[in-house]
Amino acid sequence: MRILRPATKWGRVTVWLGILSLLLWTATLFGAKLGGWAAFTTLVFAFFGLILGFRFGFRPLVWRLRNRLIVTYLLIGVMPILLLLAMGGLTGYLFAGQFATYVATSDFSSELLHLQAANDALAAQLIPLENTGKLSEQIAGELTRASDERFPRRTVTVWRGDKGFVLSTGGGLLETRPEKLPRFITGDFSGFVVDQDELHLRAVKLQHIGDRVLSVISDIPITQELLQPTAARLGTVTLLPLGDSETSSHNQVYAGLVPPRSRWFDFVLRAGTLFDVVDWQTGKKQTGGIGVVTRPSMLYSTLFATLGDKFLIFRDILFAIAVVFGLIEIVALYIGIRLSSSMTGSVAELYRATVHVNKGDLSHRIQLKGRDQMAALGMSFNSMTGSLAKLIEEQKEKQRLENELSIAYEVQELLFPRQVTDLPSLQVHGVCVPARTVSGDYYDFIPLGSDRLVLAVGDISGKGISAALLMATVHAFVRAYSLEPEMALMPASLAYGSQEDPRMYYRGDGSTESQVAPAMLMTTLNYQLYRSTPAAKYATMFLGCYDAKARVLTYCNAGHLPPIILRANGEVFRLAVNGTVVGLFDGVSYDESTLVMQTGDIFVAYSDGVTEPENEFGEFGEERLVELIKEHRHKPLARITEIVAGAVADWIGTVEQPDDITIVLARCTSPSA
């Protein structure tokens with residue numbers, strides 16, 4: 001009676017399902033068409049019965065503590081190990097398959113790269129001959145024969161405009177009429193192609209020579225002979241295109257045989273991968289497949305080919321590591337059970353602490369207990385909350401400094417000339433790209449009436465805020481002394497005592513208009529900077545005064561990189577350096593020089609941030625700067641500075657800009673320009 005009336009709902013449902021199943025099968029015996037329902041009910045009854053039996057059998061099994069520990073060990077210790085072994089076996093199988101396909105694809109890629117290199121080398125030999133009109137089928141055949149040692153079945157097709165010829169493996173001319181180059185080939189090409197239902201390795205090199213195009217095409221058919229070196233290391237290698245299922249089996253190429261088993265676990269391993277194939281006639285991309293059938297012994301031999309038979313030591317090492325890992329797993333299980341109770345308490349304490357932090361309470365601290373890693377974690381959490389509070393304060397301070405730097409940048413931008421009215425015979429433009437937020441480089445254009453202009457270019461020692469402040473000081477001095485030359489006489493005379501140096505003077509009639517003398521201005525600037533800046537601070541400076549009527553540039557260079565003059569006739573030379581840097585030594589005098597400029601001449605002044613940046617190819621260099629300006633000399637000056645700055649940025653790449661970049665250009669024009 002207890003069986004018919006079980007105490008649990010699961011049991012009652014199981015009993016009623018059994019009775020219903022029995023009734024349905026009985027009705028089926030008397031001709032009722034209920035076989036499907038009877039089978040379904042029986043299946044459900046079996047499922048419920050299995051679960052019920054497991055429940056009744058499992059309870060007595062785990063009633064004793066010993067049995068519970070055994071079950072826990074099986075679930076926690078043995079089951080993960082079995083899963084890890086299964087995962088390791090699957091991973092090893094996948095890795096072996098990927099390694100096999102990698103070896104195959106690497107061999108094919110290497111063969112393709114060698115073919116492309118040989119084709120490019122042949123094209124490099126044919127191009128000069130085509131330029132001089134000396135290219136012929138005989139010469140091309142001899143050059144092909146000389147480069148055909150690695151590719152015994154290679155054919156080369158050469159197109160010279162609309163005329164072409166095909167060279168055989170031996171370098172001789174074939175009677176076969178060359179096919180036209182497909183339209184999708186617009187540049188150099190290399191890869192797998194399908195041509196006339198056959199797989200090929202093909203490389204194309206195009207070279208425009210005048211109004212004609214020289215095309216060199218190297219081709220190697222994919223045959224068993226080509227696959228044999230790879231198959232000798234792996235087993236069986238098969239290549240086939242997968243785009244057209246009807247012709248895939250016809251186009252497939254295979255080579256090699258799988259050797260017999262060397263050990264009981266040396267099973268057959270099958271792997272495959274995909275590669276891109278191009279239809280030579282249409283240019284459409286298709287998918288190709290590489291299939292490899294091999295054995296682990298062959299993969300091991302290939303992987304450890306340099307060790308010979310000694311590679312078996314790696315197998316023993318891996319086995320020893322597996323044993324050690326198994327022991328570690330057992331020890332970890334034991335330690336995990338012992339520490340589980342303490343860990344749960346520590347995790348709960350950490351959770352409560354994170355709730356406080358989430359609410360913004362960074363003053364909460366965990367009460368530390370014990371000296372284990374969980375206690376160290378609690379200590380780290382306490383340290384982290386303290387660091388977070390400190391970091392928030394530092395972030396606020398950093399934000400304040402960034403705001404101040406942003407304001408400093410805006411102020412410094414106002415110091416650079418915004419709009420400059422070009423003189424009747426001179427166009428000027430400059431640009432400065434700071435390495436940091438603010439710059440230590442300096443340039444200025446100071447108009448003096450309608451026919452004179454002061455050009456100033458400088459580089460302050462150092463970078464950052466200190467250099468920017470000194471740059472502002474230099475800017476103020478140069479502006480003041482350029483607009484009021486008489487102001488520069490007193491400091492300059494103090495620098496030389498009572499006896500005035502003949503190189504330090506200003507020109508003018510003394511009553512109407514005075515003219516800036518760059519040497520006098522540089523002497524005064526050195527006097528002021530030496531006394532108003534620290535001993536380690538100095539600047540290189542170029543000052544020039546341009547007279548638009550006479551087209552004469554009077555200049556003084558104090559240690560700055562010599563500006564470059566690009567004459568309209570192509571001559572290039574550098575201006576002289578008239579003295580040392582300003583602000584470093586006291587009592588220094590400077591000379592000045594003059595230069596008569598002609599229509600079309602370009603004056604180029606720059607800082608070391610333009611020519612000294614380096615990458616793996618070396619410095620950007622002055623020569624590259626001159627070539628860029630020569631190439632674009634007829635463009636607007638603003639566009640030329642943009643091109644040069646962009647070229648320097650590309651040369652630097654993704655690394656941090658090492659120094660400020662400053663470029664100043666001036667072009668002498670005709671009065672009507």
Side-chain angles (χ1 to χ4, degrees), residues 89-119 150-155 184 189-204 217-262 266-305:
L90 179 60
T91 303
Y93 186 90
L94 294 176
F95 173 79
Q98 289 300 310
F99 176 71
T101 56
Y102 171 77
V103 171
T105 54
S106 297
D107 287 353
F108 300 148
S109 299
S110 176
E111 194 72 18
L112 184 60
L113 288 175
H114 283 98
L115 179 64
Q116 183 181 4
N119 191 65
R150 182 183 174 88
F151 310 104
R153 299 196 61 184
R154 171 188 173 200
T155 59
F184 76 92
F189 169 84
S190 64
F192 291 88
V193 300
V194 175
D195 192 4
Q196 296 180 357
D197 295 336
E198 292 184 354
L199 283 170
H200 296 259
L201 290 177
R202 191 162 291 177
V204 180
I217 308 168
S218 291
D219 178 88
I220 300 177
I222 297 179
T223 60
Q224 289 185 350
E225 181 183 1
L226 184 65
L227 302 183
Q228 192 58 44
T230 303
R233 296 194 295 163
L234 296 178
T236 300
V237 179
T238 305
L239 268 71
L240 72 160
L242 304 177
D244 188 352
S245 59
E246 296 181 358
T247 59
S248 294
S249 59
H250 176 69
N251 294 338
Q252 71 177 2
V253 182
Y254 66 92
L257 294 173
V258 180
R261 181 192 301 261
S262 60
D266 194 18
F267 55 89
V268 174
L269 189 148
R270 303 178 186 274
T273 188
L274 302 177
F275 66 98
D276 292 331
V277 182
V278 178
D279 190 321
W280 185 252
Q281 303 302 324
T282 62
K284 295 181 178 180
K285 287 188 176 180
Q286 301 180 5
T287 301
I290 299 177
V292 178
V293 182
T294 183
R295 292 187 183 275
S297 58
M298 298 194 69
L299 295 182
Y300 295 152
S301 300
T302 302
L303 182 60
F304 301 103

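All heavy atoms count here, side chains included; hydrogens, waters and symmetry mates do not.
- Under the 4.5 Å side-chain criterion, counting only non-hydrogen atoms from C-beta, Val268 is not in contact with Thr294.
- Using cut-offs of 30° and 60° for the angle between ring planes, the Phe275 and Phe192 rings count as tilted.
- Checking side-chain atoms of Arg295 against main-chain N and O of Pro259 turns up a donor-acceptor pair under 3.5 Å.
- What you find for Gln224 and Ala255 is that their closest heavy atoms are O-CB, 3.8 Å.
- For the atom pair CG of Leu115 and OG of Ser218, the computed distance is 5.0 Å after rounding to the nearest 0.5 Å.
- Residue Leu274 forms a side-chain contact (heavy atoms from CB on, under 4.5 Å) with just one option from Thr105, Thr287, Ile290, and that option is Thr287.
- Distance check, rounded to the nearest 0.5 Å: OG1 of Thr223 to CG of Leu239 gives 11.0 Å.
- Expressed to the nearest 0.5 Å, how far CD of Gln98 lies from OG1 of Thr91 amounts to 12.0 Å.
- The nearest pair of heavy atoms linking Ala231 to Val237 is CA-CG2, 3.9 Å.
- Annotation for Gln252 and Leu240: closest pair CB-CB, 3.4 Å, computed over non-hydrogen atoms.
- Residues Leu227 and Tyr254 fail the side-chain proximity criterion, which asks for heavy atoms closer than 4.5 Å.
- Between Trp280 and Phe189, the ring planes lie tilted relative to each other; the angle falls in the 30° to 60° range.
- The number of heavy atoms from other shown groups lying within 6.0 Å of CG (Leu257) does not exceed 12.
- In this structure, Leu226 and Leu201 have side chains that are in contact, with non-hydrogen atoms separated by less than 4.5 Å.
- Under a cut-off of 6.0 angstrom, the local environment of CZ in Arg261 is crowded, with over 12 non-hydrogen atoms contributed by other residues, nucleotides or ligands.
- Looking at heavy atoms from C-beta onward, Leu199 lies in side-chain contact with Val194 at the 4.5 angstrom threshold.
- What you find for His200 and Pro221 is that their closest heavy atoms are ND1-CA, 3.6 Å.
- Heavy-atom minimum distance, Pro296 versus Phe267: CD-O, 3.0 Å.
- Going from atom CG of Leu234 over to atom CG of Leu299 covers 6.5 Å, rounded to the nearest 0.5 Å.
- In plain terms, the two heavy atoms of Gly235 and Met298 that are nearest each other are N-CE, 3.7 Å.
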> When you look at Arg202 and Val278, which way does the side chain to side chain contact (heavy atoms under 4.5 Å, CB included) test go after all the steps?
Replying inline: CA-CA 10 Å; Arg202 191 162 291 177; Val278 178; over 6 Å; no
